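I have placed the structure first, in the form of C-alpha cells, so that the comments after it can refer back to it.
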Amino acid sequence: MFSQRLNREWNQRGYACSSLGLNLGVDFELRDISYQPSSVWFQRHPESEVNWQLLLRESQVYNNLIQSLRMVVEVMKPT
C-alpha cells in the first residue's frame with residue numbers, strides 16, 4: 001500500500017490496488033511480518049509447535065486466532 005515500487009508495478013499491470021504511497025509521497029518497503037497466535041489458537045491446537053500455514057489458513061475463516069501482528073518496514077529515501 002505504501003510501497004511506491006509496488007504501486008507502480010500494480011498500476012502498470014492494471015490492478016485495482018491502493019496507490020497511497022504515490023498519492024501521499026511516502027515510500028515504505030515491508031521487510032518482515034510475524035504473528036503471535038492467541039490463546040484461542042492454542043485451545044484449538046494444543047501442540048507446542050505452531051503450524052504457521054495452518055494458522056494463516058484458519059485465520060481466514062475464524063476470528064481471534066491471531067493475538068498480534070508485527071510488521072517491520074523500511075523507509076525508502078530518495079538517493
Side-chain angles (χ1 to χ4, degrees):
M1 206 186 303
F2 293 109
S3 165
Q4 290 186 10
R5 176 185 59 80
L6 287 175
N7 289 169
R8 287 186 193 93
E9 182 180 319
W10 294 335
N11 284 340
Q12 288 174 349
R13 293 181 182 202
Y15 295 165
C17 296
S18 171
S19 58
L20 280 175
L22 294 170
N23 295 343
L24 299 175
V26 297
D27 195 9
F28 300 104
E29 288 288 336
L30 183 60
R31 295 298 180 214
D32 187 53
I33 300 175
S34 58
Y35 305 91
Q36 175 64 44
S38 71
S39 59
V40 176
W41 167 261
F42 289 110
Q43 288 169 5
R44 292 178 51 82
H45 302 281
E47 57 274 3
S48 60
E49 185 82 21
V50 175
N51 182 329
W52 297 104
Q53 289 181 338
L54 182 60
L55 172 63
L56 294 177
R57 193 168 53 245
E58 286 195 1
S59 69
Q60 293 175 350
V61 179
Y62 302 109
N63 293 326
N64 301 319
L65 296 180
I66 297 175
Q67 178 178 320
S68 64
L69 172 72
R70 179 177 177 265
M71 300 170 70
V72 176
V73 297
E74 180 180 353
V75 176
M76 307 306 291
K77 296 183 179 183
T79 55

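This structure is a prediction, so every number in the text was calculated from the model and none was measured.
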Rounded distance (nearest 0.5 Å) linking atom CZ of Arg5 with atom CH2 of Trp10: 8.5 Å

Would Phe28 and Met1 satisfy side-chain contact (heavy atoms from CB on, under 4.5 Å), going step by step from the backbone distance to the final call? CA-CA 9 Å; Phe28 300 104; Met1 206 186 303; over 6 Å; no

Report yes if the side chains of Val50 and Phe42 come closer than 4.5 Å at any heavy-atom pair, otherwise no. yes

Here's one to test your reading of the geometry: is the NZ or CZ of Arg57 within 45 degrees of the ring axis of Tyr62 and under 6.0 Å from its centre? no

Closest non-hydrogen atom pair between Pro37 and Leu55, with its separation: CG-CD2, 4.0 Å

Are more than 12 heavy atoms, taken from residues, nucleotides or ligands other than Gln53, located less than 6.0 Å from that residue's CD atom? no

Test of understanding: clusters of I, L, V, M, F, W, Y form through side-chain heavy atoms closer than 4.5 Å, transitively. Do Leu30 and Leu6 belong to the same one? no

Identify every side-chain donor-acceptor pair in residues 14-25 under 3.5 Å, counting partners at least two apart or on other chains, and give the distances.
from  : atom 1 : to    : atom 2 : distance (Å)
Ser18 : OG     : Leu20 : N      : 3.3
Ser19 : OG     : Asn23 : ND2    : 3.3
Asn23 : ND2    : Ser19 : O      : 3.4

Show me the side-chain donor-acceptor pairs of residues 64-78 shorter than 3.5 Å, one per line, residues at least two apart or across chains.
from  : atom 1 : to    : atom 2 : distance (Å)
Glu74 : OE1    : Arg31 : NE     : 2.6
Glu74 : OE1    : Arg31 : NH2    : 3.0

Just by distance, do the side chain of Asp27 and the backbone of Ser3 share a donor-acceptor pair under 3.5 Å? no

